[in-house]
Amino acid sequence: LEWLDAKKFYTANVSISNFDSLLNKSAEEIVAVVNKLGVSQKVQLARRAQELIQEGKLDSMRAIRALEKALNVDFEM
């Protein structure tokens with residue numbers, strides 16, 4: 001990636017496995033990380049968050065509101 005000068009596009013990568021740990025951070029940290037994600041990762045995160053909400057595994061209103069703000073979405077609850 002370095003010789004393509006594309007490394008800068010992948011420095012904020014967060015894998016699906018890290019999405020769950022992201023949700024345990026403060027609202028400010030969630031927004032800061034989400035703002036660094038690419039469009040496809042934001043879509044993946046929104047889908048994962050919606051799944052966790054529906055399964056009852058994401059019930060922190062703090063995290064949900066931070067995600068809604070950062071992703072510009074409204075999660076159905």
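- In the displayed structure, Lys25 atom NZ is contacted under 6.0 Å by at most 12 heavy atoms of other residues, nucleotides or ligands.
- Using a 4.5 Å heavy-atom cutoff, the side chains of Leu45 and Val34 are in contact.
- Expressed to the nearest 0.5 Å, how far CZ of Arg62 lies from OG of Ser26 amounts to 7.0 Å.
- To the nearest 0.5 Å, the span separating CD1 on Ile30 from CG on Leu71 amounts to 10.0 Å.
- With sequence neighbours left out, Arg47 forms a side chain to side chain contact (heavy atoms under 4.5 Å, CB included) with Val43.
- Under the side-chain contact (heavy atoms from CB on, under 4.5 Å) rule, Glu55 has a single partner from Leu58, Leu52, Asp59, which is Leu52.
- Heavy atoms only, all atoms of each residue included: Phe75 and Gln50 are closest at CD2-OE1, 3.2 Å.
- Counting non-hydrogen atoms of neighbouring residues, nucleotides and ligands closer than 6.0 angstrom, the CG atom of Asn24 exceeds 12 such neighbours.
- Residues passing the side chain to side chain donor-acceptor pair (under 3.5 Å) test with Glu51, sequence neighbours excluded: Arg48.
- With hydrophobic clusters built from ILVMFWY side chains whose heavy atoms lie under 4.5 angstrom apart, Val73 shares a cluster with Leu67.
- Taking NZ from Lys69 and CD1 from Ile64, the interatomic distance works out to 16.0 Å, rounded to the nearest 0.5 Å.
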